[in-house]
2 protein chains.
Amino acid sequence: MTRRSSSVTIRDVARQAGVSVATVSRYINQNAPVSPEVAERLDKVMTELRYVPHAAARHLASRKTRVVGLLLNNLHNDFFVPLLNGIEAVIRQKGYNLIVATYHEDYRNQMNPPIGPHNTDGLLVFADGLFDEDLASMNASGFPMVLVHRTPPPSLSIPSVTVENVEITHKLVDHLIQVHGRRRIMFLRGPVHQEDSARREMGYKAALQANGIPFDENLILSGDFERDIAYQVMDRFLGNGNRVAFDAVFTGDDDAAIGVLRALHQHGLKVPEDVAVIGFDDLGFAPFLNPPLTTVRAPTESVGRIAAERLFGLLENRQFDEEVVVLPTEIIFRRSCGCSY
Amino acid sequence: MTRRSSSVTIRDVARQAGVSVATVSRYINQNAPVSPEVAERLDKVMTELRYVPHAAARHLASRKTRVVGLLLNNLHNDFFVPLLNGIEAVIRQKGYNLIVATYHEDYRNQMNPPIGPHNTDGLLVFADGLFDEDLASMNASGFPMVLVHRTPPPSLSIPSVTVENVEITHKLVDHLIQVHGRRRIMFLRGPVHQEDSARREMGYKAALQANGIPFDENLILSGDFERDIAYQVMDRFLGNGNRVAFDAVFTGDDDAAIGVLRALHQHGLKVPEDVAVIGFDDLGFAPFLNPPLTTVRAPTESVGRIAAERLFGLLENRQFDEEVVVLPTEIIFRRSCGCSY
DNA sequence: ACGGTTACTGTAAACGGTTACAGAAAAAAC
DNA sequence: GTTTTTTCTGTAACCGTTTACAGTAACCGT
C-alpha cells in the first residue's frame with residue numbers, strides 16, 4: 001500500500017479530463033467560463049475520482065478560509081443552543097464552516113490563539129473577560145468581527161448585536177414592586193464583565209430608585225449566569241444564620257434561575273409566596289419550571305442569525321446603517337413572580 | 001495603504017532574527033534543537049512582530065489540520081450543551097480546534113462536504129440519517145472517526161461511545177407498571193433512525209411483554225426529541241376527538257418531555273395524577289419542571305469527553321481494549337411518574 | 001590526534017490549490 | 001474580409017509552511 005497521498009488532487013482530475021489544472025480550478029470556482037463539453041467531462045471525472053478540494057491548499061492560495069470563528073467564554077449555558085442555532089443556519093447557507101473556541105485567560109499572551117486571522121475570515125465574539133484593549137488589538141488590522149451581547153468600546157467601530165436590557169429590567173422590577181408589593185429584591189449578577197449583567201443591574205437600580213426603595217448592597221450576589229454557581233451561592237446565603245430578609249430574586253438569567261429555585265426549594269421557601277423569582281431569556285424550559293418562570297423573552301436565535309449576517313456583510317463589504325443592533329425584549333408573566341398564571 | 005499581506009510570515013521572522021526559515025519552523029514546532037541564543041532571539045522577534053503561523057500553510061505542508069470536526073443533525077436540543085462541553089474540554093487541552101457542522105440530506109451527494117479529511121484530522125459523528133453505507137464510505141480510507149450515541153454497523157470497526165438505553169428503559173417502564181399501576185403507556189419516538197430511540201423502544205416493548213401488557217401501535221407517536229415537535233404531536237393527539245386512552249408517557253428525552261408537559265397542561269390533564277410522564281437525559285432543568293421530571297441520568301458530558309479522547313487515541317495510534325463504550329445510566333425518580341418526591 | 005557522535009543550521013523541494021499573463025479560436029462588428 | 005471583441009484554455013509563479021538532505025562545528029572517547 002502506498003503510504004503517500006491517498007488523496008486525489010486537482011492535477012489528477014486535470015490529467016484524467018485532459019485539461020489543465022487552471023481549467024479545473026476555474027470550473028470548480030465558477031469564476032471563468034468553461035466550455036460545455038469540458039464541464040461535462042469534469043463533472044464525470046470529479047465524481048468518479050471522488051475529488052474533494054483540499055481546504056488548506058485552497059485557503060493558502062486564495063487567502064480566504066471560508067470559515068468563521070465563534071469565540072465564547074464557556075459552553076455551560078443552555079442559552080447557547082438557540083444562539084448557535086441561529087449562527088449555524090446562516091453559516092451553512094453561505095457554504096461556510098463554523099469553528100468554536102472558548103476564551104480563557106492565556107488567550108491574550110499566547111502565541112497560538114485558537115482562532116484569528118490565520119484561521120478564519122471573521123469572528124463572532126461573545127466573550128466578556130475580553131477587555132477593550134483586547135478588542136482593539138484584535139480589531140487593529142481591520143479583521144472583520146461582530147460582537148454579540150456586547151457593545152463596542154466608544155473608540156472602536158465594531159458592529160454589535162445585542163438585546164434590550166435596561167428598560168425591560170426596569171419594568172420587571174417595577175412589576176415586582178408595584179403589582180406584587182415586593183421591596184427586598186435580590187439581584188444576582190452575571191459574570192463580572194458581562195455587559196448584559198451590567199445593564200440589567202442598571203435597570204434594577206433605576207427601578208429601585210424610581211420606587212423610592214433604597215439600594216442594599218447585601219442583596220447583591222453573584223450567580224454567574226450558571227445553574228450550579230447560582231445554586232451554591234444561594235444555598236450558602238440561605239444557610240447563613242444572620243441572613244438578610246428578601247422577598248424576591250432577579251436571577252440574572254434563566255439558567256441561574258434553575259439553581260436559585262432548587263436552593264429556595266431545599267430551604268423550604270415557597271415560590272412565589274415567600275420569594276418571587278424572575279429570570280431572563282425565556283429558554284425553552286422556562287414555562288415548565290416549578291413554578292413556571294416569569295422571565296424576559298430574548299430573541300436569542302435572531303441574535304445569532306443577525307450577528308452572522310452582519311459578519312457576512314463585513315466580508316462582502318456591504319454597508320449597514322446602524323452599527324449596533326439592539327433587539328427588543330418582552331416580559332413573559334408566569335407564576336414565579338406571583339402572577340396567577 | 002498596502003493592500004497586500006498585512007501578515008508577517010515566517011520569512012520575516014527568519015530575516016529579523018538572522019536565521020533560516022527552517023530554524024524558525026523547528027523552534028516553533030520544537031522538533032529539533034535550537035541554540036539557546038537563537039531561541040531567545042526568536043522569542044523576542046516573534047512577539048515583537050506578533051507573528052502567528054498561518055494555519056493553512058501549516059496544514060498544507062504538514063498534512064495535519066489540528067482540527068477535529070463534529071457532525072450533527074441539528075442544534076435544537078439542550079442535550080448538546082453538556083455534550084459540546086465535554087468535547088470542547090478535551091479538544092482545547094490538546095491544542096486542537098473544533099469545527100461544527102450539521103448534517104443534512106445533500107451532504108451525501110454533494111461535492112463539497114463541510115467537514116471531512118480535507119478539513120480535519122478526525123470526526124466525531126453524532127448523526128442519524130447517516131446510514132451504514134455513508135459511514136462505510138467515510139470510513140473507507142481509514143479516516144479517524146468516533147461515533148457518538150450510535151454503535152457501528154457490524155461490518156465496520158469504528159469506535160463508539162454511547163449510553164445504556166435498553167435495560168434502563170425496561171426498568172423505568174416496569175416502575176410505571178408495577179409501582180404506579182399504569183398500563184396504557186405511550187411512547188414517543190425520537191428521530192427515525194436515531195439509535196437511542198430505537199433502543200429505548202426495545203426496552204419499552206420488552207417491559208410491556210414482561211408485564212403481560214399487549215403492545216398497542218396507537219400509543220406510539222413521534223416526538224423527534226424536540227420540544228416543539230413533541231408539543232405539536234401531543235397537542236394534535238389530544239385534540240383528536242376519538243383519542244385513545246393512556247395514563248403515562250415515555251417522552252423519549254427531556255426536551256420532548258417539555259413539549260409533552262405543555263400539551264398535557266393545556267388540555268387540562270394533571271401530571272402525574274392523570275398521566276405520568278418520564279424523560280431521558282436528566283438535563284439541568286429536569287428537577288425544576290412542573291412537576292419535577294422523573295428521568296434517566298445520562299452522563300452526557302462524559303460521553304463527549306470520552307468520545308473526544310477516543311478520537312485522539314486514534315490520531316495518536318493508541319490502542320483501546322473495547323471498541324464500543326457504553327456508559328451506565330441511572331433512574332432519577334421525581335414527581336412526574338407519581339413518586340412522592 | 002582521530003573517527004564517531006551529537007548539536008545545530010541552511011537550501012530547496014514539496015504540499016495542492018489560485019490566478020496573472022498570454023495566447024488561440026470563434027464570434028461580432030465594421 | 002479585416003479588425004475587434006469575446007470565449008476558452010494553458011503555463012508557471014506564488015501562497016506560507018514543513019522537512020529531507022546536506023553540511024559544519026563542537027564534543028567525546030580512546
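Bear in mind that the values here come from a model prediction, so they are computed numbers and not experimental data. Naming: A, B, ... by sequence-line order, numbering from 1 per chain.
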ask   = Under the 3.5 angstrom rule, does the side chain of E226(A) hit a backbone N or O of H76(A) as a donor-acceptor pair?
value = no

request  = Among dG16(D), dC15(C), dG17(C), find the nucleotide with the atom closest to the side chain of R63(A).
outcome  = dG16(D)

query = Side chain of T120(B), backbone of G69(B): donor and acceptor closer than 3.5 Å?
reply = no

note = Residues S7(B) and R63(A): closest non-hydrogen pair is OG-NH2, 4.1 Å

key: Shortest non-hydrogen separation from P53(B) to H118(A) and the atoms involved   = O-CB, 3.5 Å

ask   = What one-letter contact string describes nucleotides 7-13 of chain C from 5' to 3', where B marks a base within less than 4.0 Å of any protein heavy atom, S marks contact via sugar-phosphate atoms alone, and - marks no contact?
value = -SBBB--

message = Under 4.0 Å from OP1 or OP2 of dT18(C): is there any side-chain N or O of R58(A) that close?
response = yes

key: Lys/Arg N to Asp/Glu carboxylate O, E48(B) vs R41(B), below 4.0 Å   = no

query = H59(B) NE2 to dT17(D) C1': how many Å, rounded?
reply = 10 Å

query = Is there a donor-acceptor pair closer than 3.5 Å between any side-chain N or O of D121(A) and the backbone N or O of R66(A)?
reply = yes

inquiry  = Nearest whole Å is fine: how far is dG16(C) C1' from N29(A) CG?
reply    = 13 Å

OP1 or OP2 of dT18(C) under 4.0 Å from side-chain N/O of S25(A) = yes

task = May I ask you to say whether K94(A) pairs ionically with E316(A), meaning some side-chain N is under 4.0 Å from a carboxylate O?
result = yes

Side-chain (N77(B)) to main-chain (F79(B)) donor-acceptor, under 3.5 angstrom = yes

ask   = When the distance from CZ of R15(A) to P of dG16(C) is rounded to whole Å, what number comes out?
value = 12 Å

inquiry  = Nearest whole Å is fine: how far is dT18(C) P from L60(A) CG?
reply    = 11 Å

key: Contacts of Y96(B) that satisfy ring-ring contact (aromatic ring centres under 6.0 Å, His included) - sequence neighbours left out   = F312(B)

inquiry  = Nearest whole Å is fine: how far is dT18(C) C1' from I10(A) CD1?
reply    = 8 Å

query = Looking only at side-chain N and O atoms, does N31(A) come under 4.0 Å of OP1 or OP2 in dT18(C)?
reply = no

ask   = Taking OP1 and OP2 of dG17(C), is either one under 4.0 Å from a side-chain nitrogen or oxygen of Y51(A)?
value = yes

key: Pairing stems for DNA chain D [at least three consecutive pairs; Watson-Crick or G-U; under 3.5 angstrom]   = C:1-30 with D:1-30

query = Taking atom P of dT7(D) as reference, at what distance in whole Å does atom CD of Q30(A) sit?
reply = 15 Å

ask   = Roughly how many Å is it from CD1 in I28(A) to C1' in dG16(C), rounded to a whole number?
value = 11 Å

Rounded interatomic separation in angstrom, taking OH from Y27(B) and P from dT19(D) = 18 Å

